[in-house]
Structures are given as structure tokens and as C-alpha cells.
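What you see below is based on every heavy atom in this structure, not just the backbone, and it leaves out hydrogens, waters and symmetry mates.
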Amino acid sequence: MTFDHHSIDDWKKLARRELKDRDPEELKWRTPEGIEVKPLYTTEDLADLEHLETLPGLPPYVRGPRATMYAGRPWTLRQYAGFSTAEESNRFFRDNLRAGQTGLSVAFDLPTHRGYDSDHERVVGDVGKAGVAIDSVEDMKILFDKIPLEQISVSMTMNGAVLPVLATFIVTGEEQGVPHEQLSGTLQNDILKEFMVRNTYIYPPKQSMRIVADIIRYTTNEMPRFNPISISGYHMQEAGATCVQELAYTIADGIEYVRAALSTGMAVDDFAPRLSFFFCIGMNLFMEVAKLRAARFLWADLMQTLFSPSNPASLMLRTHCQTSGVSLTSQSPYNNIVRTTVEALAAILGGTQSLHTNSFDEALALPSEFSAAIARNTQIILREESGLANVVDPLAGSYYVESLTASMISEARKLIDEVETYGGMTKAVEAGMPKKRIEESAARRQARLDTSEDVIVGVNQFVADSKDEVDVLEVDNRAVRESQIERINRVRKQRDEKRCAAALEKLKQCAQAGEWGLLYHSIDAARQRATVGEITETLMEVYGQHRAVPQAITGVYRTEVRDSNEVDEIRQKVNTFVAEHRRRPRALIAKVGQDGHDRGAKVIATAYADFGFEVDIGALFQTPAEIVRQAVDNDVHLVGISTQAGGHKTLVPEIIEGLKNEGADNVVVICGGVVPPKDIRFLENAGVAAVYGPGTRILDTIPDVLGMIENSLEASAESVGV
């Protein structure tokens, strides 16, 4: 049978009939990245695309870094985990290895990330809550007890306290009988993105970059099986970056790290083949596939252009991927299983080398064993039952995917060029440019969700009448902290204090002299049982501590929210408040403890300011007492606490008690973020007026909050007889 050849004009005629004479051009869609997506792609869209004539395993690696990809070896199933004590995390790791996991990925608690020992006064509510607490080699030895480090690769998400944590891992291997040259795995060691979005930094940018370079230098020379850095875009997308921003800023970070490594005297081919990357995978399946393909092309192209390596492996972008955390919702949480499956599929079709799939309950709490098993089995089912591992780059040649890949390359290059005009990413970060761009994107995204322009099933559309009951994991923070303090005290009592002090002094002298060898001396200090906090404080004496100045963007949310009766009513309520009280409602939006994930706080602050509130933003890493002081000094009506890391049960009641002690018990306190359902009643009993989970529409909260403030002001007036 033969068919007549039909033109695009023929399709347009047919489409107009189906659309009842509307122009099919109306079906075009503009992504949040600004890329125009057509309803139909044809061979014409593939004309002159520079990346098309490529094969897997060959530069520029668009179709994958290995020739046979999953047909030769499936991606590594590497689930990110860690909580509570080293003992609990060790048990969890061993169970997962027995169940089919093929690599380990360690989540550390926030005090460890920030270089604090568990007995420090600033980390009372954070120990063991969002990861495993590591204070010394003794904790790390327990974490990897009966896990053969010469066989199992270990990924460690660590950036701020990267020197002491890597040092304790190396010493743990030594004392397990595994020399450091046999250790395999990946260290995140990506400090630039911390200054942009995640905020678990310690030292200023310039000194932090020297630490990154020192680690690359040591591991290149001493640890041939270990990847010294995982250049991470993941946290950028989680903070609100578009896919293009995540792609561009991640590649720009990578270029900056290459320059830093070259400053140590190494040649590019000495270290570049072992650089690795880490991307977030969200819900736009084809965009995420194109992003990974574009990333491989851009990295190869820029490395060749800027550094002229002779080893083709120096052009190769290898990546780990993780499904999105911000796409998870606390409403109808079982829907998250489907979201994670779609995102995992995108990562696999995009050619990731390893993958973590999030658990469905992570918008509520740390993953339970039940939810973690579903997340792990999602990957195993995709690997074993779907046929995905049988063909190399199955979407290659797709009119849409190839065109989208080219668009991603083009748009990302514009942002990379902008970074270069600053003199590279370190200077761009110091100027605050990428952070501002990402925060603006986050505000736009929230506005689209609040007005249902972007649909989230179960949140702003197709909302269920009943709530899903989910059993969640709870960590006893106080018990974990007490056990950690007991172990720290035992370590300090049993060590040779003179040898420990001498090792720390050598580390300090190395930093003061500006010499390479920071990791070398950190390892020696760890051998002498110096703690993570002591190694960090030693370097802080030389480098100082970075303190970000909190800033809010304005106008972005207001511009994106379309006028509607609901929006007009909210504005009128705020205007009525101003007329009655002769001042605008004032809110302090704050983080408490060591949780640096400030996307939610910044978006809330932006939206409330755009609707007429006076908004103060608290500095990161505040104690409850510091938040109380700022609230009282600024005479606020509302304190909004953004919590992501589980410290709310310890820290928020301290804020409420502190306000009472200052005579400011009329200040309304609300919470937003990751709060397990069973904790809501606890917080309400402690005096919290409302708790808003992930996915909550900001437009729903503003009238609620104004009503709470009005009621509190009326009650306060009645109590003094006004």
C-alpha cells in the first residue's frame, strides 16, 4: 500500500477543522524557561542542528558517555539516606544493599553540614533530624560497620564541612583495612551552589574555593577511584530555578572548578575525567531529557574551547540524578509515587549514570522504611520490567526532543555568557546575580501555582475530599543528641590531647601560609580524633565565617498573579487593615536552626510584600532567642517560621515562650514547610496559630493571617481594657 505525501499545510487544514476553525498556532506553549513549544515538530525542525551527528560514547557525548549505556550496564541505583544515629543509618544501609541497592549515598544532619559538633549550643533542635550525625571518626566507623568499602562506592553530600567529613571517611577506611587509594565514590564538594541556594556554607567564597581545589588536588594524586566533586544543579531547581538556569549555572560552576583545580598546578587531563555532575529531575519529562543531553554537549564544547584537553574523557559529563523534592506535595501524598516514577523515567531516558528516587512521604517527614522501599522498587521495576535498559538513547532523532535539546543549548549559553561577564561564577556569586535570578523564578513559579496556571493534581485541581493517612518516621532529636554528646565526651577523654592539638595547629599553619595540604592535615587531625567541629573552628580562625545579608525581591509575584475577584478581595482586606490600624500588617519571615533551605521563606516574603505587608526577613541560622529579639524590636504582628529539617518541635515552642517572656504574646506565630501531620496538633497546643504544608496556595493564607492578626489585636486590647 502507498500513501500520498502530505504537507504541513495539509495538517494545518485538518487541525483547523478539529479546532473548529481556530488557528493551530494557538496551541503553542511557552515554558517557564521562555522556550516556545509548538504542537507539531517535523524533519524541518532538525535542519542545521549542531549536535545531531553524534554517537554514544564519543564526543560531544549527547547520546551518553558510554557507547553501550544501559544495554551494557544499567544505571547505578543509589538511594540517598541517613538519619538519626550512625547505628540506625548503618542498619538502613545494610538492609538496602541486601534489597538490591548498588551504591550508598549519605545524608548528613545539618550540624555536620555546618561544621558544628552535636554538643554546640546552636544545634539543639537539629541533631540527627535531616540526616546522620557525624562528630568524629568513631561515628563514621559505626556508619560503615560491616560494609566493605573496597567494594561499595559511597557518595557523600557534603560541602561546608567537606574537609573534616572526607578526612573521617578516609581514616575510617584505613582502620577498616582499606587504604585510601582503594576507596571509591563521589564527594559533592560543590560550594558555589551553596552560596546560591542551599546555604550550608561556612567560610567566605574565595577561601571555600581554595578548599575545593585542595581536595581535587589530593584525591587526583592519592585516590584514583574517587570522584572529588559532584557539580550540582539539583538544589538550584529545588530553590526555584528553571531548567535552563539549572543547566547554565551548573555548567558555569563546573568551569569555575576547573579553573580552581588548574591553579594547583595540575594539568586539565589529570583531574577532568573524574569530575561528575548532579541534576534535579522535575515533572516536565521531555524538558528534563533535553536538559541532560544539552548538558553533555555544552560541557564537551566548553571544555574543548576553553582548556583544549587531549584526553576525550576530559570532555565527558557523567551525572547522578535525583527526582524532585519540591514537586512532592503534602496533600494526597500517594500521588507522589506517580510523580517520582515520571521523573525517574525522564532521568533514565536522558541518560543518567546513577539515580535516586524520592519517597512519597518526604513532603511530610523523613522517609519511612515502607516509603523508601517503594522508592527503591520504582527503579528496580523500571530497570527490570520496562525494557528501558535494552536500547541506547531511545529518544534520539525525535523531532521534539532534538529541537528542545538545541533550544536548551542556545538558552543556556546566554546565561553562561552573562556569568563570564562578571569574571566567572565566584565573582557572579559574590555579586548575588545567580541567587537573584533563581529567587525571581521561584516567585513566578509560585504565582502560577496559586492561580492554577500550572496544575498540581490534588493541590490546586482535582482536590480529594478526604486526606490520606500516612505513617511517617519520627526521630527523637533529644535522645540522638544526648547519645552523640556522650560519644564526643568519650572520644575527647580517650584521645591524646597533645597530639590532637599539634595536628590542629599544623592545619592552621597550612591555612595561614596559603599552602596546599589542607586535606592532608585534616586527615592527620582526624586520626588523632579531632572532631568535625574542632577542625572547622581551626580553619575558621584563619578564614573567618561567611554571613549572608538577607534580601527580598519585590514585584515579581504581583506581576505574575493575574487580576481576579480573589486577588481584588485580598488587596481590599489589606487596605482595610491599614485604614483601621493606621499601619500596614508587619511580618517577620524566619528560618530557625541550621536549616538553610530558604526558598519557601523567600517566596512567602515576596508574595506578602507584594500584597501590602511590611516584611522583615530573618538571617539564616538564627536561634529562637535571636528570632524573638528581632520580632520584638521590629514590633511585628506575625512571625512565620519556615521549617524543612524537622527541628520544629524543639525550636518553635522556644520562640513562643520567648515572645511571652518579652510581653509579646499577642504576636501571631505560624509555621510552613515539612511538618508531619501528627506534629500539627503538638504545635497548635504549643501556641502556633496555623501550619501550612508544601503546596499550600499563598493566596489562601493571606486572608487567614489577617484574620488571626485582627483577633489577636482585639484580644490584646480587651486584656488592657481598651
Side-chain angles (χ1 to χ4, degrees), residues 29 31-33 35 37 41 56 61-65 69-70 74-80 232-238 241-247 250 277-298 317-329 335-360 362 374-383 385-409 412 445 454-457:
W29 169 58
T31 74
E33 293 78 11
I35 295 172
V37 175
Y41 286 80
Y61 303 108
V62 174
R63 301 192 61 188
M69 288 299 289
Y70 309 143
W75 66 92
T76 299
L77 198 162
R78 190 185 301 279
Q79 292 296 92
Y80 178 57
S232 174
Y234 181 87
H235 303 93
M236 297 181 200
Q237 188 177 143
E238 292 293 273
T242 66
C243 283
V244 167
Q245 288 173 332
E246 179 195 6
L247 169 59
T250 304
F277 288 78
F278 174 27
F279 286 101
C280 180
I281 304 297
M283 282 296 291
N284 189 337
L285 187 147
F286 292 107
M287 182 69 76
E288 296 294 353
V289 171
K291 180 181 73 183
L292 296 184
R293 303 175 90 246
R296 290 190 287 269
F297 179 90
L298 281 167
L317 184 147
R318 297 164 302 120
T319 189
H320 171 72
C321 288
Q322 180 174 337
T323 60
S324 173
V326 77
S327 72
L328 305 178
T329 66
N335 287 345
N336 295 332
I337 298 173
V338 181
R339 294 186 178 103
T340 294
T341 304
V342 171
E343 292 165 351
L345 180 62
I348 295 162
L349 291 173
T352 189
Q353 278 58 72
S354 64
L355 179 62
H356 166 95
T357 36
N358 285 331
S359 299
F360 72 85
E362 289 186 55
I374 293 174
R376 181 188 64 243
N377 290 339
T378 297
Q379 288 201 55
I380 295 174
I381 290 169
L382 287 172
R383 186 184 70 196
E385 298 184 26
S386 69
L388 285 169
N390 298 332
V391 178
V392 180
D393 191 21
L395 290 185
S398 159
Y399 304 145
Y400 178 36
V401 170
E402 299 293 10
S403 179
L404 200 53
T405 299
S407 295
M408 293 288 284
I409 291 169
R445 164 72 169 161
D454 290 354
V455 173
I456 299 184
V457 174

Could you go step by step and tell me if Gln353 and Thr76 meet the side-chain hydrogen bond (donor to acceptor under 3.5 Å, both in side chains) rule?
-> CA-CA 6 Å; Gln353 278 58 72; Thr76 299; over 6 Å; no
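Listed by chain and residue number, Ser153 satisfy the side chain to side chain donor-acceptor pair (under 3.5 Å) test with Arg78 (two or more places apart in sequence, or in another chain). Partners of Ser327 under the side chain to side chain donor-acceptor pair (under 3.5 Å) rule, at least two apart in sequence or in another chain, are Glu343. Considering only residues two or more places apart in sequence or on other chains, Ser398 meets the side chain to side chain donor-acceptor pair (under 3.5 Å) condition with none of them. The side chain to side chain contact (heavy atoms under 4.5 Å, CB included) search around Ala241 returns Met236, Gln245, Ile438, not counting sequence neighbours. The salt bridge (Lys or Arg N to Asp or Glu O under 4.0 Å) search around Arg376 returns none, not counting sequence neighbours. Partners of Ile374 under the side chain to side chain contact (heavy atoms under 4.5 Å, CB included) rule, at least two apart in sequence or in another chain, are Ile337, Phe360, Phe370, Thr378. Under the ring pair (Phe, Tyr, Trp, His ring centres under 6.0 Å) criterion, Phe286 pairs with Tyr400, sequence neighbours left out. In this structure, Tyr61 has no ring pair (Phe, Tyr, Trp, His ring centres under 6.0 Å) partners at least two apart in sequence or on a different chain. Partners of Phe277 under the ring pair (Phe, Tyr, Trp, His ring centres under 6.0 Å) rule, at least two apart in sequence or in another chain, are Trp299. Residues that satisfy the side chain to side chain donor-acceptor pair (under 3.5 Å) test with His235, not counting sequence neighbours, are Arg198, Ser232.
Counting heavy atoms from C-beta on, the side chains of Asn377 and Ile380 come closer than 4.5 Å. You'll find the side chain of Cys280 reaches within 4.5 Å of the side chain of Glu238, heavy atoms only. Two residues are said to be in side-chain contact when any heavy atoms from C-beta on lie closer than 4.5 Å; Asn335 and Ile456 fail this criterion.
The distance from the CE atom of Met69 to the CG atom of Asn390 is 13.5 Å, given to the nearest 0.5 Å. For the atom pair CG of Asn358 and OG1 of Thr323, the computed distance is 3.5 Å after rounding to the nearest 0.5 Å. Between the CD1 atom of Ile35 and the OG atom of Ser407 there is a distance of 5.0 Å, given to the nearest 0.5 Å. Put simply, CD1 on Ile348 and CG on Leu388 are 5.5 Å apart, with the number rounded to the nearest 0.5 Å. The structure places CG of Leu77 at 6.0 Å from CZ of Arg383, a figure rounded to the nearest 0.5 Å. Atom CZ in Arg339 sits 11.5 Å away from atom OG1 in Thr341 (nearest 0.5 Å).
Between Glu33 and Cys243, the closest heavy-atom pair is OE2-N, 2.9 Å. Smallest separation of non-hydrogen atoms from Ile281 and Ala346: CG2-CB, 3.7 Å. Considering all non-hydrogen atoms of both residues, Trp75 and Leu382 come closest at CH2-C, 4.1 Å. Taking every heavy atom of both residues into account, Thr352 and Tyr70 meet most closely at O-OH, 2.5 Å. The nearest pair of heavy atoms linking Ala347 to Cys321 is CB-CB, 4.0 Å. Closest approach of Val392 to Pro56, counting heavy atoms only: CG1-CG, 3.3 Å.
For Gln379 (side chain) and Leu355 (main-chain N/O), a donor-acceptor pair under 3.5 Å exists by modelled atom type. Remark: the backbone N or O of Ser359 is not paired with any side-chain donor or acceptor of Asn336 at under 3.5 angstrom.
Of the listed residues (Leu298, Ile409, Leu292), just one forms a side chain to side chain contact (heavy atoms under 4.5 Å, CB included) with Leu247, and that residue is Leu298.
Within the structure, every pair that satisfies the side-chain hydrogen bond (donor to acceptor under 3.5 Å, both in side chains) test and touches residues 279-296, not counting sequence neighbours, is listed here: Gln237-Glu288, Glu246-Lys291, Glu288-Lys291, Arg293-Asp393, Arg293-Glu402, Arg293-Thr405. For the salt bridge (Lys or Arg N to Asp or Glu O under 4.0 Å) condition, no pair includes a residue of residues 348-357, sequence neighbours left out.
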